[in-house]
Amino acid sequence: MDSYIDLKNIPTKELKYVDLDRVNVNCSPPDFEPQRQYYFMAKCRQIVKLESERLGRPLYACIQVFGCQMNARDSEKLSGILEIIGYQLSEDENADFVIFNTCTVRDNANQKVYGRLGHLNSLKKNNPHMKIALCGCMMQEPSAIEKIRKSYRFVDLIFGTHNIYKFAELLTAMFESQEMVVDIWEDTDQIVEDLPVERKYPFKSGINIMFGCNNFCSYCIVPYVRGRERSRNLEDILGEIRKLVSEGVVEVMLLGQNVNSYGRNLARPITFANLLREVEKIEGLERIRFMTSHPKDLSDELIQVMKESKKICRHLHLPLQSGSTRILEAMNRRYTKEQYLDLARKIREEIPDIAITTDIIVGFPGEKPEDVEETIDVIRQVKYDNAFTFIYSKRTGTPAASMENQVPENIVKEGFDKVLKVVQDTARNRVALLQGQVQNALAEEVNQQDSSLITGRLSNNTIVHFKGDESLIGKIVPVYLKECHGFYYLGEIRDAGCVQSTPLQ
Ligand code: 5AD
Ligand code: SF4
């Protein structure tokens, strides 16, 4: 027993160096985090090893992500734990362990999960030792849990957004139980740091800077499923980014439902603009992105920091939702059409080469054709570089769901098509303005349709495809933007040293 490690004595920062095969899992688990989770990782490692020996092959795990960048980042955390406990990660759902990280922001996201669960059931019938787990935002809804308990009894594990850090502990419970394991918390104020993460891309990464949302837009379920706003400590964020940069990351995306209110609830409050100033100082980091900004909290200080920065990308996602002040009020967005337009104007004046993108909802209760016209007017004035247009989806439990004046489907569809057309026309014109320029692109992947091409991303988020090979991936290279094809470019790589960026007007 001498060579056994007791995790209770290991400092947090050293946990990642511990040989988990030497951890004593016969003693009780530590009652503090993240040591406790490393104990359960060691335990799961033994279980996976035994099962793999029994089958005479490695065990495969597959994570399917639905929804936003937050879920993508959470899935990287789940992947990190799965790798440590001995699973091989696979894209194929016909695996030994399948996890759906779900979304519930609109009803079609829920329907997709139910549909895909039917398919998993047929796979499980051929492979009875297959395990299935569900997590993410949809699991925070009691009605979804009820339905799964009743109609999808083959699911083995369900957990939510607040206890994702407990994944290893929940897995242990799943392996040791014959019944469906369900663990959902209503909320949490806890943030557990220093757990393993397996990144999808070696050269770029999302970083959570905060969790939850306090805004309660009247249509939105996020505050109910992601809980109250909690910011991570500045030093934890900077430490994580420094580590990522030392591993080869050149671009980070700072993630939060409302990044502009970062830091307000910290013991030593700090603004988002100041966080950006600190991130900018990290040597070796080339690009900084962030998502999402709420217009009501976007400060002049932030605009100045973006303007002066060499690293913050020329892209701002600024959800409009509606261009009608009356609808914005009913949505509880806390800005008017004019305030939004003033803000967009100020941003374009200060940072002329910035791309502004947005989210728009059509069909919010009480919306009339003249409100849709107000939205179209804002699109025409701001000239978005891209916009995600959504049909309003009724989310049970939100104030808008019980509003009486829901809009009939055919009227919504009419408004939606109109908005989409204007959005596409303006976006196409914006993207075309880059024609003939040479701009830096981060080479991200080999093009899926044509393997002689590399797909890269400009600072302003526009996609460009250019001739090149895999050795370029992760590098920032100057690219001549030769042909505009609607929303992307075909380009040619140019010698370093000839980069220019002409302001977009
Ligand atoms: N219906 C339609 N779209 C919604 N969004 C959030 N809630 C809903 C809903 N109930 C959209 C908003 C938000 C984006 C992430 O999803 O536009 O900005
Ligand atoms: Fe939802 Fe509004 Fe919070 Fe965004 S800011 S997550 S739309 S409540």
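Remember, it's a predicted structure, so these values are computed and weren't measured experimentally. Because only heavy atoms are used, hydrogens play no part in the values below, and waters and symmetry mates are left out as well, while side chains stay in. Atoms within a ligand are numbered from 1 in the order they appear, just like the ligands themselves.
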Taking atom OG of S324 and atom CG of D371, what is their separation to the nearest 0.5 Å?
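If we round to the nearest 0.5 Å, S324:OG and D371:CG are 3.5 Å apart.
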Just verifying a value: how many Å separate L343 CG and Y335 OH, rounded to the nearest 0.5 Å?
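Rounded to the nearest 0.5 Å, the CG-OH separation comes to 9.5 Å.
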For a distance under 2.8 Å, tell me if C217 has an N/O/S atom near atom 2 (Fe) of ligand 2.
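Here the distance criterion (N, O or S atom, under 2.8 Å) is met by C217, so yes.
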Which is it for Q381 and D377 under the side chain to side chain donor-acceptor pair (under 3.5 Å) test, yes or no, and what are the steps along the way?
CA-CA 6 Å; Q381 291 200 46; D377 183 44; 3.2 Å; yes
Checking a contact table here: which protein heavy atom is nearest atom 16 (O) of ligand 1, and how many Å away?
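Result: R106 NH1, 2.8 Å.
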Please state which protein non-hydrogen atom is closest to atom 12 (C) of ligand 1 and give its distance, to 0.1 Å?
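Going atom by atom, the protein heavy atom closest to atom 12 (C) of ligand 1 ends up being Q321 OE1, 3.4 Å.
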Option among Q190, E193, Q37 that satisfies the side-chain hydrogen bond (donor to acceptor under 3.5 Å, both in side chains) test with Y165
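Of Q190, E193, Q37, side-chain hydrogen bond (donor to acceptor under 3.5 Å, both in side chains) with Y165 is met by Q190 alone.
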Subset of ligand 1 atoms that lie under 4.0 Å from at least one heavy atom of F390:
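Ligand 1 atoms under the 4.0 Å threshold to F390: 3 (N), 11 (C), 14 (C), 16 (O), 17 (O).
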Atoms of ligand 1 close to I361 [distance to a heavy atom under 4.0 angstrom, numbered from 1]:
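Under 4.0 Å from I361, ligand 1 has these atoms: 3 (N), 4 (C), 5 (N), 12 (C), 17 (O).
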Hey, does R226 sit under 4.0 Å from ligand 2 if you only count heavy atoms?
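Per 4.0 Å heavy-atom rule, R226 does not contact ligand 2.
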Can you confirm whether or not the ring centre of Y489 sits under 6.0 Å from the ring centre of H465?
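Centroid distance Y489-H465: not below 6.0 Å, so no.
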If you take the centroid of each ring, where Trp contributes its six-membered ring, are Y87 and F97 closer together than 6.0 Å?
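Centroid separation for F97 and Y87: below 6.0 Å.
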Considering only heavy atoms, does [X] approach ligand 1 within less than 4.0 Å through its side chain, its backbone, both, or neither?
| X | answer |
| --- | --- |
| K394 | neither |
| Y219 | both |
| V105 | both |

Looking at non-hydrogen atoms alone, which of T292, V222, D359, N108 comes nearest to atom 18 (O) of ligand 1?
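Result: the heavy atom closest to atom 18 (O) of ligand 1 is in D359.
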Among G67, A387, S393, which residue places a heavy atom closest to atom 1 (N) of ligand 1?
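Considering heavy atoms of G67, A387, S393, the nearest to atom 1 (N) of ligand 1 sits in S393.
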Tell me, please, if C220 has any N/O/S atom, main chain or side chain, under 2.8 Å from atom 1 (Fe) of ligand 2?
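Coordinating: yes.
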What about Y392: any of its N or O atoms under 3.5 Å from an N or O on ligand 1?
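No, there is no polar N/O contact under 3.5 Å.
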Report yes if some N/O of R395 lies less than 3.5 Å from some N/O of ligand 1; otherwise report no.
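R395 vs ligand 1: no N/O contact under 3.5 Å.
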I'd like to know whether ligand 1 has I391 as a neighbour, heavy-atom separation below 4.0 Å.
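Flag set, I391 near ligand 1.
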Do the numbers put K413 on top of the ring of F416, so that NZ or CZ is under 6.0 Å from the six-membered ring centre and no more than 45° off the axis?
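Here K413 fails the 6.0 Å and 45° test against F416.
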Examine the side chains of H315 and D385 and answer whether a donor and an acceptor come within less than 3.5 Å of each other.
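H315 vs D385: no donor-acceptor pair found between side chains.
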State, without any angle test, whether E414 and N410 hold a side-chain donor-acceptor pair at a distance under 3.5 Å.
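No, N410 and E414 have no side-chain donor paired with an acceptor closer than 3.5 Å.
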State whether [X] and [Y] are salt-bridged, where the test is any N-O pair (Lys NZ or Arg NE/NH1/NH2 against Asp/Glu carboxylate O) under 4.0 Å.
| X | Y | value |
| --- | --- | --- |
| D183 | K166 | yes |
| E240 | R73 | yes |
| K346 | E350 | no |

Which of the atoms of ligand 2 are close to [X], meaning less than 4.0 Å from one of its heavy atoms?
| X | value |
| --- | --- |
| C213 | 3 (Fe), 5 (S), 6 (S), 8 (S) |
| F216 | 8 (S) |
| Q257 | 6 (S) |
| N215 | 5 (S) |

Ligand 2 versus P223: contacting region, heavy-atom distance under 4.0 Å
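It is the side chain that gets close, since no backbone atom is under 4.0 Å.
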Under 4.0 Å, heavy atoms only, figure out whether ligand 2 is touched by the backbone of Y219, its side chain, both or neither.
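Looking at Y219 and ligand 2, just side chain atoms fall under 4.0 Å.
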Parallel, tilted or perpendicular, as decided by the 30° and 60° cut-offs, for the rings of Y152 and F154
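Rings of F154 and Y152: perpendicular, over 60°.
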